[in-house]
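Single-structure report; data block below.
Whatever order the structure lists ligands and atoms in, that order sets their numbers, starting from 1.
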Amino acid sequence: MPSPGELTFVAPRGAKKPPRHLADLTPQERREAVAEIGEKPFRAKQLSQHYFGRLAHRPEEWTDIPAAARGRLSEALLPELMSVVRHISCDDDATRKTLWRLHDGTLVESVLMRYPDRVTMCVSSQAGCGMNCPFCATGQAGLDRNLSTAEIVHQIVDGARALRDGEVAGGPARLSNIVFMGMGEPLANYKRVLGAIRRLTDPAPEGLGISQRGITVSTVGLVPAMHRFADEGLSCRLAVSLHAPDDELRNTLVPVNTRWTVREVLDAAWRYADVSGRRVSIEYALIRDINDQGWRADLLGRLLKGRRAHVNLIPLNPTPGSKWTASRPEDEAEFVRALETHGVPVTVRDTRGQEIDGACGQLAASQR
Ligand code: SF4
């Protein structure tokens with residue numbers, strides 16, 4: 001049965017299926033796939049060890065597998081999923097954005113952000129996005145297709161390898177956090193995103209062994225999928241892209257709000273917080289004279305007061321040719337103060353990557 005998100009937001013007609021890959025499969029399915037091509041089942045574990053444990057996806061690196069078998073295994077389980085179109089660095093090379101071309105020519109992007117105490121990777125879960133938020137470059141271009149589990153995972157495996165190999169300034173490092181905040185609405189591609197979370201968090205060699213607590217999944221508020229996500233029993237963080245505290249404005253800024261209201265979205269968020277024990281992150285892009293008025297800050301404060309929530313204010317990174325722009329500094333400061341008056345924890349997000357078209361989707365949009 002399709003997930004609640006997929007019931008509503010199906011992939012567009014004509015989308016080509018990505019090739020099957022090791023990272024799409026559970027350990028049992030990997031054993032079966034290896035047996036299908038006449039190899040011993042233990043090769044599945046060797047391949048997993050190479051891909052997830054050693055971050056080595058090229059057959060020439062698999063020296064414990066006979067050369068004759070490597071080509072067959074690679075073709076069946078580790079086909080080339082994507083290639084780098086280009087990397088762009090900024091913030092003194094502490095931020096690196098990668099534009100990928102998938103097997104069918106579709107473009108997606110991921111971003112590695114290095115901080116003094118952690119390294120965060122922002123990944124795409126769909127090519128494009130069907131949510132149509134008017135201030136967002138990705139939303140303007142529409143949805144191309146869902147990414148497969150392996151297409152999501154491979155962005156991260158490659159990022160982890162680049163970090164380990166010292167390709168990102170600051171010397172070799174390990175990936176500590178993953179945020180599903182790149183292109184797409186993760187909960188509209190529910191099954192594949194869930195599969196990716198399993199691959200990322202399963203202990204090596206079956207997965208990457210990353211802590212669930214280091215993973216953040218963002219949503220515009222697909223309420224049935226949020227409830228389903230709560231029922232998975234995970235301890236990932238949930239981030240809700242709210243952007244307005246009132247239905248009237250949110251109906252225009254986040255059109256899916258006409259389907260599920262602010263009240264319903266927040267109720268689902270509080271349920272997730274209760275079940276997971278994690279504070280929910282409320283994402284709010286501050287847009288000049290649109291959603292940054294004092295009365296809206298006050299309303300937001302009243303909605304969140306006493307809840308297990310933290311507000312992340314995002315100074316909007318204007319998209320080229322757009323009428324939407326970032327709030328004035330004094331309005332931003334006043335917004336923060338109003339939330340603090342209600343005792344709501346709030347931070348203003350560090351806007352990494354602005355000089356490299358950092359708002360979600362802009363790099364891919366500029367290639368179209
Ligand atoms: S803001 Fe997020 S949900 Fe809205 S269109 Fe852009 S990518 Fe999609």
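Listed by number with element, the atoms of ligand 1 under 4.0 angstrom from any heavy atom of Cys129 are 3 (S), 5 (S), 7 (S), 8 (Fe). Of all atoms in ligand 1, numbered sequentially from 1 with element shown, those under 4.0 Å from a heavy atom of Val220 are 3 (S). Close approach to Met131 involves these atoms of ligand 1, each under 4.0 Å from a residue heavy atom: 3 (S), 8 (Fe).
With hydrogens and angles left out, the side-chain atoms of Glu185 and Ser125 include no donor and acceptor closer than 3.5 Å. With 3.5 Å as the limit, one finds no donor-acceptor pair spanning the side chains of Arg250 and His243. At a cut-off of 3.5 Å, with distance as the only test, no side-chain donor of Glu151 or Gln155 sits close to an acceptor on the other residue.
A salt bridge links Arg198 with Glu232: the distance from a Lys NZ or Arg NE/NH1/NH2 to an Asp or Glu carboxylate oxygen falls below 4.0 Å.
With 2.8 Å as the limit, Cys136 does not count as an N, O or S neighbour of atom 4 (Fe) of ligand 1.
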